[in-house]
Amino acid sequence: MRLRSITIEGFRAFGRQATIDLDADVILLQGPNGVGKTSLLDAILWVLAGTIARFGDRGTPISTYAREGRARVELIMSGDDGDVVLTRATDGKSDDFVRLRIGEKEYEQAAATQQLCNLLLPHLKDRVGARDALNRVLTRGVYLQQDLVRQFIDDDSAADRFALVSEVIGAGAVLELQAALEKSRRSWAASTTAFRKDELDPLTVRVAQIDEHLARLSDGGTVASDDARQASTTLFQHAVALLGETQFGPDAAPTTPARLDRFLKTLDAERSRLERDLATTRNLLEQTPELSSTVALDNPVDKLRKDESELVAQLSAADDAIRLENARLAAERQAQVDAADRAQRAATMAKLALQDLGNHCPVCQQTHDVSHTIAHLQTLIEAASDVGQSTTTNRLGPLTEERAKIQALLSLIREDLRRTENDLRERTARRSILTARLLDLGIDGSSDAGTALRERDDAIEAMLGTLAKLLADGERLSLQVLRLGEQRQRDELAAERAQVAERLELAKRRIAGEEATHVLSGRIIDGLRDASLAVTAQQITQIAPLFQRIYSRIDPHPTFRVTEIVAGMERGRGKLEVGISDPDAFASARDAGPLLSSSQMNSFALSLFLAMNLALPSLRLGVTVLDDPLQSLDNINLLGLVDILRRFRAHRQIIVSTHEERLVGLLQRKLRPVLPGERMVTMVFESWSREGPAMRTVEFAPTKEEKVIAA
């Protein structure tokens with residue numbers, strides 16, 4: 001199947017509608033960059049695959065100048081069964097439309113996509129994921145885009161390359177079955193693990209628990225239920241006679257384990273109450289001497305209060321004496337100060353008079369006895385020094401000591417008084433509390449309380465003894481009832497164990513079956529892996545020589561002249577590795593990237609692409625599309641490429657775009673038609689406007705005068 005024509009409108013560089021004739025063996029697209037050559041090739045890819053892989057999710061294929069805001073491409077292909085018309089349109093949002101017409105039959109949307117896949121890749125008929133497989137085949141083996149020359153080498157992993165080749169040669173169904181089985185196997189494993197965790201393990205644990213419980217149950221023989229019922233009735237009657245019916249509420253004789261448990265708890269609670277009453281009675285009995293003690297008539301409190309009053313009076317008298325003594329001493333000290341001051345003034349005047357003393361008085365000018373005057377003045381000076389040395393009697397110290405003694409004695413008396421009053425209050429409070437507690441027990445504190453308390457003590461001890469015997473009988477009865485319960489429990493556990501064991505056996509059988517299925521599926525998966533590897537490796541043996549011949553024709557490297565393409569298996573996944581080697585030095589590398597220059601690497605990738613294109617056994621589209629290979633290769637490599645394309649012409653419809661006129665001239669000479677029926681056209685893209693590219697078509701046809709010379 002080959003391309004006949006394409007109609008493009010609103011797609012990328014094509015704003016207006018343009019119909020382009022593609023019915024030729026060789027189609028050359030020539031023009032400067034940016035005038036629509038790649039848009040034409042992208043339109044072919046988009047109408048076939050529904051997407052342009054190199055764009056990813058960026059932007060939309062709709063032209064900015066589309067008249068209706070939609071992109072529409074119609075591709076007509078010719079085949080053995082007639083023309084096939086494929087139409088695809090989109091508004092870039094949600095309105096995507098695809099229609100396929102094969103002869104008189106027409107399909108739309110999903111049905112059209114599936115029929116297109118069935119038509120181009122028949123071995124993918126009605127397969128899930130056929131559209132993605134077709135897209136990979138188109139971008140890896142039909143249309144070599146100028147910016148994705150090395151994608152198959154650099155971006156795709158070895159596993160991706162293996163999957164693509166397997167899909168193309170028809171082994172994809174095996175890989176799909178392998179993947180489905182692996183997924184199911186993992187699901188089985190998860191299901192088995194979950195079943196083991198949720199069903200088998202709990203059943204196993206339950207059987208172990210039942211066995212352990214049965215082992216713990218004592219085998220004490222059988223106990224007649226009639227004997228236990230009679231003993232229970234007798235015990236209940238004795239307890240009612242001792243404690244009264246109100247203690248047991250609505251319960252009858254404890255003939256069931258629950259009633260017996262409540263009955264024993266009631267007896268035990270009553271015993272605890274009686275023990276508390278006995279402790280209270282004995283405590284009160286120890287305190288009864290408090291009731292017989294009386295307060296002495298000569299209450300020490302009154303005597304202490306009288307002594308306190310006398311000492312307070314003595315303390316007040318001592319304070320008065322101290323105040324009087326302090327006043328007397330102050331008066332004497334003031335008198336001494338005044339006398340000393342007068343004597344000091346007289347001495348001062350005497351000293352002044354001695355300084356100016358003559359035969360006449362310096363004041364009155366009278367004559368006087370000088371010696372007698374000097375003696376008198378000396379007497380005044382000496383008297384001033386004697387005045388400050390006079391002493392008085394001080395009785396303040398003895399008075400203060402006497403007061404301190406009285407204060408200390410008063411503190412002692414007050415402490416004794418406070419202690420005596422507290423003791424009296426405590427004795428009174430204890431007597432009141434003791435009397436109240438005796439009244440609570442029904443005993444008058446004024447009577448012989450000790451005798452009543454001793455009688456109460458004896459009665460409580462007697463009841464405790466009887467109650468202890470009832471509890472002992474109840475414990476023995478409980479043991480009998482427990483044995484009856486153990487018999488029933490043993491029978492119930494035995495029945496449950498039989499049921500659980502049956503379920504456990506069924507669960508083990510299911511686990512065994514699933515494990516056997518898991519092992520069998522593993523063997524099948526291993527067989528599928530071997531089969532896919534064998535089929536793919538067989539196809540690789542056909543691609544490898546073609547890959548080598550094409551690479552040798554281009555001849556990009558002087559040393560690494562041999563290509564390697566090897567299929568293998570790693571971790572259960574197929575892988576396809578491509579590399580180069582130097583046969584002279586026995587050196588090889590599975591990764592050619594580090595050894596080749598960028599141009600050499602492009603030649604290496606281009607060789608693999610052409611080998612894949614020519615060796616695709618299942619694709620029914622015989623087309624080879626190269627977008628501007630001059631940008632990827634050196635000039636010398638282009639000569640080898642042109643020579644290869646000349647040989648491809650017999651097997652493929654060739655479409656090549658370029659911006660270089662010299663390459664177009666070389667291709668026109670090398671690929672010109674030489675046989676009748678052959679056709680080659682050159683589409684010259686001259687310019688571009690908002691409506692789309694302006695182009696003209698130049699056709700080359702063989703002439704009768706040309707002779708075919710073997711190459």
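Fair warning: this is a prediction, and the values are worked out from it, not measured in the lab.
The line from CE of Met77 to OG of Ser5 is 10.5 Å long, rounded to the nearest 0.5 Å. The line from CD of Gln668 to CG of Leu663 is 10.0 Å long, rounded to the nearest 0.5 Å. Note that the CD1 atom of Ile511 and the NE2 atom of His518 stand 12.0 Å from one another [nearest 0.5 Å]. Residue Ile102 holds its CD1 atom at 9.5 Å from CG of Leu86, rounded to the nearest 0.5 Å. Of the inter-residue distances, the one linking Leu100 atom CG with Gln114 atom CD reads 11.5 Å to the nearest 0.5 angstrom. To the nearest 0.5 Å, the span separating CD1 on Ile52 from OG1 on Thr139 amounts to 11.5 Å.
Legend: residues meeting side-chain hydrogen bond (donor to acceptor under 3.5 Å, both in side chains) with Ser39, ordered by chain and number and at least two apart, are absent. Evaluation of the side-chain hydrogen bond (donor to acceptor under 3.5 Å, both in side chains) rule for Ser581 yields no partner, not counting sequence neighbours. Residues passing the salt bridge (charged side-chain N to carboxylate O under 4.0 Å, His left out) test with Glu9: none are found, sequence neighbours excluded. Scanning for ring pair (Phe, Tyr, Trp, His ring centres under 6.0 Å) contacts around Trp46 gives Phe11, with sequence neighbours left out. Taking the salt bridge (charged side-chain N to carboxylate O under 4.0 Å, His left out) definition, one finds that Arg649 meets it with nothing, sequence neighbours left out. The ring pair (Phe, Tyr, Trp, His ring centres under 6.0 Å) check on Phe560 picks up His557, with sequence neighbours excluded. Partners of Ser78 under the side-chain contact (heavy atoms from CB on, under 4.5 Å) rule, at least two apart in sequence or in another chain, are Arg2, Arg4, Asp83. By the salt bridge (charged side-chain N to carboxylate O under 4.0 Å, His left out) test, Arg101 pairs with no residue at all, sequence neighbours left out. Judged as a side-chain contact (heavy atoms from CB on, under 4.5 Å), and not counting sequence neighbours, the contacts of Arg553 are Asp643, Ile644, Arg647.
No donor-acceptor pair closer than 3.5 Å links the side chain of Thr624 to the backbone N or O of Ile654. Judged by distance alone, the side chain of Gln653 and the main-chain N or O of Leu22 form a donor-acceptor pair under 3.5 Å. Side-chain atoms of Gln115 do not come within 3.5 Å of backbone N or O of Ala111 as any donor-acceptor pair. A donor-acceptor pair under 3.5 Å links the side-chain atoms of Ser521 to the main chain of Thr517, judged by distance alone. One N or O on the side chain of Arg672 and one on the backbone of Arg669 form a donor-acceptor pair closer than 3.5 Å.
When all heavy atoms of Leu75 and Ile6 are compared, the pair lying nearest together is CD1-CB, 4.0 Å. The two residues Arg70 and Ala89 make their nearest non-hydrogen contact at NH2-CB, 3.3 Å. Taking all atoms of both residues into account, the shortest heavy-atom contact from Lys670 to Arg646 is O-CD, 3.2 Å. Contact between Ala66 and Gly10 at its shortest, heavy atoms only, is CB-CA, 3.7 Å.
Pairs passing the salt bridge (charged side-chain N to carboxylate O under 4.0 Å, His left out) check and including a residue from residues 29-45, sequence neighbours excluded, read Arg12-Asp42, Asp42-Arg54. Applying the ring pair (Phe, Tyr, Trp, His ring centres under 6.0 Å) definition to pairs two or more places apart or across chains, none involves residues 86-109. Sorted by first then second residue, the salt bridge (charged side-chain N to carboxylate O under 4.0 Å, His left out) pairs that include residues 684-700, not counting sequence neighbours, are Arg16-Glu691, Arg679-Glu699, Glu686-Arg696.
Here the side chains of Leu671 and Val656 are not in contact, with every heavy-atom distance at 4.5 Å or above. Between Phe14 and Ile20, some side-chain heavy-atom pair lies under the 4.5 Å cut-off. In this structure, Leu3 and Ile655 have side chains that are in contact, with non-hydrogen atoms separated by less than 4.5 Å.
Comment: Arg196 does not engage Glu514 in a salt bridge, judged by the lack of any side-chain N to carboxylate O separation of less than 4.0 angstrom. For Arg662 and Glu660, the salt-bridge test passes: some basic side-chain N is under 4.0 Å from an acidic carboxylate O.
Side chains of Thr90 and Asp96: a donor-acceptor N/O pair is present below 3.5 angstrom, by distance only.
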